[in-house]
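So the structure is just underneath, and the comments pick up after that.
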Amino acid sequence: MPELPEVEHIARGLHERLPGRTVRGVTVRWERCLAAHTPQALEQAIVGLTFQSVSRRAKFLLLELPPYWLIVHLRMTGRLFFCETPQPEWETHPHVHVVLELDGDARLYYRDVRKFGRLYLTRAPQEIVGGLGAEPLAPDFTAERLGDILRGRRRQLKPLLLDQRALAGLGNIYVDEALWLAGLHPLVRSDSLSDKDVARLHASIRQVLHAALAHGGTTLRDYRGPDGQTGTHQHALAVYGRAQTPCLRCGAPIRRIVVGQRGTHYCPACQPAPPTLEEMSDDDLAARSP
DNA sequence: ACACCCTCCTGGAGGC
DNA sequence: TGCCTCCAGGAGGGTG
């Protein structure tokens, strides 16, 4: 599933190819992938417009098409790819829901097996991405900022890291990986972390994202880059999808539990469980009360 | 404020 | 082989 590194990879690839291309035609085969427009309205709005840039905010792709922005969220299985010439395979493919015909007979295909992804057309991107939280690879995402995010709430660590309003761009895979690297249990309370814990988690998040980006993303099944190529970071995953296999750090079997309806992978030795209520001292309990 | 559950979808995997 | 059931999950919504 595309998370921040995958979306960044796609954005960079499309930014090399799309700017300067003019939309000549729009075909929508499955209307519900358009968040708020009819196919006719989309076509009327963007035919004749020229792409200016492609960028990313969290897991959203921002395609600048003045005076509009075409914003795409790929969710689980969405793919967006550019071809210099029409591809017969994709022109009629049952999972290709939108085809943009561009000048020079180039094509931008939007494909999505599970149909969770959405396309938005807006003049004001903030309406779509305005509520998102901190951007983990931005320069202003410091350990202090992460500390504020974590300690400002009393939540289990993993669901908080997945909450796009708090921190934007992480998904299930990279949260599990970052928590393993930091040695933090997914159920630890966010307001219980020490400064050292926060600093380690901050470094781990960035390290995991940078590594995945360098590998062109993680392809478990559906993800493809802007030219259709797979990523290679799946070979570097330490815990995600490795239940029952030995921890790369200590050899203990990786455990899989469900947290917030998500498969969650961690090392029970390297990522010690938070204390239960019974195990907490009176001081701990007193500290939890307002 | 936070945890929990449901919905959207489909292909792949497992059981028999 | 084939049919059935279950599962994966990002995000938004509702409920307790």
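Quick caveat: nothing in here was measured; it's all calculated off a predicted structure. In what follows, chains are A, B, ... by sequence order, proteins preceding strands, each numbered from 1.
Side chain of D176(A) to main chain of Y240(A): no donor-acceptor pair is present (N/O by atom type, distance under 3.5 Å, no hydrogens or angles). A donor-acceptor distance shorter than 3.5 angstrom exists from the side chain of E177(A) to the backbone of A238(A), with no hydrogens or angles considered.
Of the two residues near DNA chain B, S190(A) and W30(A), the one whose nearest nucleotide lies more 5' is S190(A).
Scanning DNA chain B 5' to 3' for nucleotides with an atom closer than 4.0 angstrom to a non-hydrogen atom of chain A gives a first and last hit of dC2(B) to dG12(B).
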- Contact pattern, 5' to 3', of nucleotides 9-16 of chain C - B, S or - by protein heavy atom under 4.0 Å: BBB-----
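Using a cutoff of 4.0 Å between basic side-chain nitrogens and carboxylate oxygens, E16(A) and R12(A) are not scored as salt-bridged. A salt bridge does not link D112(A) to K115(A): none of the charged side-chain nitrogens sits closer than 4.0 Å to a carboxylate oxygen.
Residues in residues 62-86 of chain A take part in these salt bridge (Lys or Arg N to Asp or Glu O under 4.0 Å) pairs, two or more places apart or across chains: R21(A)-E84(A).
Y174(A) and E6(A) form a side-chain donor-acceptor contact under 3.5 Å, judged by distance and modelled atom types alone.
Ring geometry for H202(A) against F141(A) counts as tilted: the plane angle lies between 30° and 60°, on a 0 to 90° scale.
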- Item | salt bridge (Lys or Arg N to Asp or Glu O under 4.0 Å) evaluation trace for D163(A) with R155(A) | CA-CA 11 Å; D163(A) 188 337; R155(A) 294 184 62 183; 2.8 Å; yes
